Novice: 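First, the structure itself, so that you have it in front of you.
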Amino acid sequence: MRGLLADEYGVDRDSLSWISGGLNEPLLESRGGAAPDGVPCAETVESLDALIQRGEIDAIISPIEPNSARDPASRVSRLFPDSLAVESAYFTRTGIFPVMHCLVVRRTLLEAHPTLTGALMKAFENALVFALKDLDRRDYPKVASPWLPTHRAMVRAALNCEPWTYGVEANDAAISALLRYAHEDGLTSKRLDPSDLFVPEVQHGPPVV
């Protein structure tokens, strides 16, 4: 998020102070080491939602909205009201669909079982195809939304593709940006390349459609 704000909106990294905490409820234990050296980041014993409602912080970055943003009487709201349009335009312009997770395997295990990489890739690709087809079933929806098929069609139309993909090549724009941000934020001692991190078998994983 720090890199995206800097790239897209010219936000100076050094102009921000960060607070780590629970979104709607206080954290039960310290997260510790949430920021690299040189990045001011404090921890709060309160929830971030409580702080923003009192005006003690300016914004929250979170995967979901805080409770106050759903309250019509609250002063808290989304930074971008039409976030779908903003996010679609960002994807169209940059080709970046943020990566959700990364699978890692011990090097010694891969050396002992050379075919394991290909087998894992195939298993995850098949699981993704199965999950997407299962999501599209009409007779018993997987999500409690009456407009799920319409939403799925809207996503495909907005992005002009099926965004969920595996393999380094299909996610090169996102991974390269992530590695650049990691270096600029002091999380890595040098600028890494995607090829430095992944075994050759996943470099050119086919996109799932």
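Just so it is clear, the model here is predicted, and its values are computed rather than measured. The first residue in the sequence is number 1, and the count goes up from there. Just so you know, these numbers use all the heavy atoms, side chains as well, and skip hydrogens, waters and symmetry mates.
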Novice: Does a side-chain heavy-atom distance below 4.5 Å link R54 with E46?
Specialist: yes
Novice: If you take all heavy atoms of E162 and R152, which pair is closest and at what distance?
Specialist: OE1-NH2, 3.3 Å
Novice: Taking NZ, NE, NH1 and NH2 as the nitrogens, is one of them in R106 or E111 under 4.0 Å from a carboxylate oxygen of the other?
Specialist: no
Novice: Please check: side-chain N/O of N171 versus main-chain N/O of G167, any donor-acceptor pairing under 3.5 Å?
Specialist: yes
Novice: Does L179 reach the side chain of T188, with side-chain heavy atoms less than 4.5 Å apart?
Specialist: no
Novice: If we ignore hydrogens and angles and just use 3.5 Å, is the side chain of S62 paired with the main-chain N or O of E65 as donor and acceptor?
Specialist: no
Novice: Show me the donor-acceptor pairs, under 3.5 Å and distance only, between side chains in residues 84-105 and residues at least two apart or in other chains.
Specialist:
| from | atom 1 | to | atom 2 | distance (Å) |
| --- | --- | --- | --- | --- |
| S88 | OG | L84 | O | 2.8 |
| T92 | OG1 | S88 | O | 3.0 |
| R93 | NH2 | E8 | OE1 | 2.2 |
| T94 | OG1 | Y90 | O | 2.7 |
| T94 | OG1 | I96 | N | 3.1 |

Novice: When you measure from the side chain of D196 to the backbone N and O of D193, does any donor-acceptor pair fall under 3.5 Å?
Specialist: yes
Novice: Does anything in residues 42-87 pair up under ring pair (Phe, Tyr, Trp, His ring centres under 6.0 Å), and if so which pairs, sequence neighbours excluded?
Specialist: Y9-F80
Novice: Answer with yes or no whether the side chains of Y181 and D7 bring together a donor and an acceptor at under 3.5 Å.
Specialist: yes
Novice: Does any donor atom in the side chain of D49 or S68 lie under 3.5 Å from an acceptor atom in the other side chain?
Specialist: yes
Novice: Closer than 3.5 angstrom, by distance alone: can the side chain of S176 be matched with the main-chain N or O of A173 as a donor-acceptor pair?
Specialist: no
Novice: Are side-chain heavy atoms of W18 and R2 found at a separation under 4.5 Å?
Specialist: yes
